[in-house]
Engineer: 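Here's a structure for you.
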Amino acid sequence: MASASASPAVAPVAAAVPATPMLKDELDIVIPTIRNLDFLEMWRPFFQPYHLIIVQDGDPSKKINVPEGFDYELYNRNDINRILGPKASCISFKDSACRCFGYMVSKKKYIYTIDDDCFVAKDPTGKDINALEQHIKNLLTPSTPFFFNTLYDPYREGADFVRGYPFSLREGTPTAVSHGLWLNIPDYDAPTQLVKPRERNTRYVDAVMSIPKGTLFPMCGMNLGFNRDLIGPAMYFGLMGDGQPIGRYDDMWAGWCMKVICDHLGLGVKTGLPYIWHSKASNPFVNLKKEYKGIYWQEELIPFFQSVTLPKECTSVQKCYIELSKQVKAKLGKVDEYFNKLADAMVTWIEAWDELNPAGKESAVAPSGPPK
């Protein structure tokens, strides 16, 4: 184990802004990085009032510079080893999956996570998009996963439930995850990057919708908000990166696990607004090396997650996740030995989560919505 480093650095708190930002004291912003965080200058009007948790990947001796005026904690690999001890093995190295350590050490109710190559986007009128504010609005309004509303999110201004929508379902269900999108560089896999190297996403769709129950989706971690109290223990980005046979599936793995658990517990997931501006295309040849096993494995993974059922005794996220880890080992372990290792890491993750968050241990979430 690497020697322990100094306590996480904390920058001076910025001067108060005139208007009180939404959830100012209830939300942490988690950023994984290997470089100086100059990108925060563009986000200053929106992020400065909030607390940042920065998870430094790679060489822990490298100094990461953070612009002045931000309130933050900075954790490197030495800190992770010191805080988690042997359980640090569940946190990926040299992969953006390390961000989930920030979820674990946060003490706030909500998390917003963003990549350091993501900038402020503009809406079609040219106005800067406050992505964080939109995520908060998504999370504070219910989801409708049990019956699709053709006007999409009925809780947005100017919308409502359409004729024929059951009144018994109009109360909705708590929203656990808000999945945002991106303009400019699309979030493509390596083969698609290679055949469409110049393609850019210029299509702004002014919509938010609940992902229906029983439907999986490819979750992207670069612009993502979630209710840590409701779903935090399921937001494990897996064991990826250095020393592992796969990368770039960390957020998708978390998304599949999370969605199965949300469906079981009667929680909602929204996707759509807000957009951010994704500024930098990663190298498709490097990506292909990281992804190629995943491209084959996902043909087994998707049917697995589509068929997963969790017993009614699983009334907490932790219980659901431990049960899911058992099924991963039993069924996906036959696909490759890696999944046995991943299943063990899932258990270690929950053990580490509960050690750092004892008050939230076995917090029950009563399933809601239509009977299964």
Side-chain angles (χ1 to χ4, degrees), residues 8-56 64-74 96 99 102-103 106-141 156-157 175 177-185 187 201-202 204-208 220-228 270-280:
V10 179
V13 178
V17 292
T20 302
M22 298 175 71
L23 302 181
K24 176 183 178 296
D25 299 318
E26 298 180 69
L27 182 144
D28 279 333
I29 299 173
V30 174
I31 305 167
T33 192
I34 58 171
R35 58 181 64 87
N36 294 333
L37 294 181
D38 301 330
F39 91 113
L40 285 173
E41 288 294 352
M42 178 175 276
W43 287 103
R44 187 180 291 276
F46 307 127
F47 287 3
Q48 190 162 353
Y50 295 88
H51 180 69
L52 312 182
I53 298 178
I54 301 162
V55 184
Q56 178 182 344
I64 298 291
N65 293 318
V66 182
E68 290 186 6
F70 286 94
D71 170 35
Y72 69 92
E73 300 167 71
L74 172 62
S96 66
R99 80 178 77 219
Y103 310 160
S106 171
K107 301 304 177 189
K108 304 290 178 62
K109 182 176 181 178
Y110 299 97
I111 295 288
Y112 174 57
T113 186
I114 186 172
D115 286 359
D116 61 12
D117 61 351
C118 294
F119 299 145
V120 178
K122 294 185 182 295
D123 68 18
T125 70
K127 181 182 177 182
D128 284 350
I129 297 170
N130 185 346
L132 184 53
E133 182 179 65
Q134 180 63 51
H135 276 293
I136 291 170
K137 289 179 179 178
N138 291 348
L139 292 167
L140 292 181
T141 53
R156 286 189 71 195
E157 186 177 350
T175 300
V177 174
S178 170
H179 179 255
L181 300 176
W182 8 259
L183 295 171
N184 196 36
I185 305 295
D187 186 29
N201 182 32
T202 59
Y204 179 99
V205 180
D206 185 13
V208 177
C220 173
M222 75 171 88
N223 175 28
L224 183 70
F226 62 92
N227 185 322
R228 185 177 176 277
K270 293 186 179 184
T271 187
L273 301 180
Y275 284 89
I276 48 85
W277 181 269
H278 186 206
S279 67
K280 186 175 62 182

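Computed from a prediction, not measured in an experiment: that's the story for all the values here. Below, each value reflects all heavy atoms present in this structure, side chains not excepted, and no hydrogens, waters or symmetry copies.
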Engineer: Could you tell me if S178 and K137 have a donor-acceptor pair between their side chains, going purely by distance under 3.5 Å?
Structural biologist: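 No, because no side-chain N or O of K137 sits under 3.5 Å from a partner of the opposite role on S178.
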
Engineer: Could you grab the distance from atom CG of L183 to atom CG of N201, nearest 0.5 Å is fine?
Structural biologist: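 Output value for this atom pair is 5.5 Å.
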
Engineer: If you round to the nearest 0.5 Å, how far is CZ of R44 from CZ of F39?
Structural biologist: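 Separation between the atoms: 12.0 Å.
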
Engineer: For the backbone of Y110 and the side chain of E26, can you confirm whether one donor and one acceptor N or O come within less than 3.5 Å of each other?
Structural biologist: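 No, the answer is negative, given that no donor and acceptor are paired below the 3.5 Å cut-off.
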
Engineer: Is the ring pair F47/Y112 parallel, tilted or perpendicular, if the boundaries are 30 and 60 degrees?
Structural biologist: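 Correct class here is perpendicular.
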
Engineer: Going by heavy atoms in the side chains, are L52 and L40 under 4.5 Å from each other?
Structural biologist: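 Yes, at least one pair of side-chain atoms sits under 4.5 Å.
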
Engineer: On a heavy-atom basis, which atom in P67 and which in F70 lie closest, and how many Å separate them?
Structural biologist: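 Taking every non-hydrogen atom into account, O-CD1, 3.4 Å.
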
Engineer: So, S106 side chain and K108 main chain: donor-acceptor pair closer than 3.5 Å or not?
Structural biologist: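 Indeed, once roles are kept as given, a pair shorter than 3.5 Å links the two residues.
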
Engineer: Would you name the heavy atoms of V120 and M42 that are closest together and state the gap between them?
Structural biologist: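 Looking at all heavy atoms of both residues, the shortest contact is N-SD, 3.2 Å.
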
Engineer: As an exercise, state the distance from CG of L139 to CZ of R228, rounded to the nearest 0.5 Å.
Structural biologist: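 Reported to 0.5 Å precision, the distance equals 14.5 Å.
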
Engineer: Nearest 0.5 Å, please: how far is OG1 in T141 from CD1 in I136?
Structural biologist: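 Between atom CD1 of I136 and atom OG1 of T141 there are 12.0 Å.
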
Engineer: For residues M222 and D187, determine if any side-chain heavy atom of one lies less than 4.5 Å from a side-chain heavy atom of the other.
Structural biologist: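 They are in side-chain contact.
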
Engineer: Start with the C-alpha distance between R35 and D116, add both sets of side-chain angles, then the distance that settles side chain to side chain contact (heavy atoms under 4.5 Å, CB included), and finish with yes or no.
Structural biologist: CA-CA 8 Å; R35 58 181 64 87; D116 61 12; 2.8 Å; yes

Engineer: Would you say W277 and S279 make side-chain contact, with heavy atoms under 4.5 Å?
Structural biologist: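 Touching, per the 4.5 Å side-chain cut-off.
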
Engineer: Given side chains that start at C-beta, do those of T202 and N184 come closer than 4.5 Å, heavy atoms only?
Structural biologist: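 Sidechains of N184 and T202: no contact.
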
Engineer: Are the side chain of Y103 and the backbone N or O of V30 linked by a donor-acceptor pair below 3.5 Å?
Structural biologist: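 Here the side-chain-to-backbone pair does not exist.
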
Engineer: Under 3.5 Å, side chain of N223 to main-chain N/O of I114, donor-acceptor pair present?
Structural biologist: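 Side chain of N223 to backbone of I114, a donor-acceptor pair under 3.5 Å: no, none is there.
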
Engineer: Could you go through I29 and L132, starting from their C-alpha distance and side-chain angles, then the distance that decides it, and tell me whether this counts as side chain to side chain contact (heavy atoms under 4.5 Å, CB included)?
Structural biologist: CA-CA 9 Å; I29 299 173; L132 184 53; 4.0 Å; yes

Engineer: Looking at SG of C220 and CD1 of I276, how far apart are the two atoms once the value is rounded to the nearest 0.5 Å?
Structural biologist: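 It is 7.5 Å, given to the nearest 0.5 Å.
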
Engineer: After noting the C-alpha distance and the side-chain angles of I31 and V55, does the key distance pass the side chain to side chain contact (heavy atoms under 4.5 Å, CB included) rule?
Structural biologist: CA-CA 6 Å; I31 305 167; V55 184; over 6 Å; no

Engineer: First locate atom CG of L37, then atom CH2 of W43, and finally report the distance between them rounded to the nearest 0.5 Å.
Structural biologist: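 Nearest 0.5 Å value for the CG-CH2 distance: 13.5 Å.
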
Engineer: Tell me the closest heavy-atom pair linking G126 and K122, and the distance in Å.
Structural biologist: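 Between these two residues, the closest heavy atoms are O-CD, 3.5 Å.
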
Engineer: Could you please spell out the steps behind the side chain to side chain contact (heavy atoms under 4.5 Å, CB included) verdict for H179 and N138?
Structural biologist: CA-CA 9 Å; H179 179 255; N138 291 348; over 6 Å; no

Engineer: For residues D28 and Y50, determine if any side-chain heavy atom of one lies less than 4.5 Å from a side-chain heavy atom of the other.
Structural biologist: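 A side-chain contact under 4.5 Å is absent here.
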
Engineer: Mind checking whether L273 and D206 have side chains closer than 4.5 Å, heavy atoms only?
Structural biologist: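 Heavy-atom side-chain distance check passes, below 4.5 Å.
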
Engineer: List the atom of P274, the atom of I129, and the distance in Å for their closest heavy-atom pair.
Structural biologist: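 Closest approach of P274 to I129: CB-CG2, 4.3 Å.
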
Engineer: Taking the side chain as every heavy atom from C-beta outward, state whether H278 and D117 have any pair of such atoms under 4.5 Å apart.
Structural biologist: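 When only atoms from C-beta onward are counted, D117 and H278 do touch, with a gap below 4.5 Å.
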
Engineer: Would you mind reporting whether D115 and R99 have side-chain heavy atoms less than 4.5 Å apart?
Structural biologist: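 R99 reaches D115 side chain to side chain.
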
Engineer: For residues Q134 and N130, is any side-chain donor paired with an opposing acceptor at under 3.5 Å?
Structural biologist: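 No, N130 and Q134 have no side-chain donor paired with an acceptor closer than 3.5 Å.
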
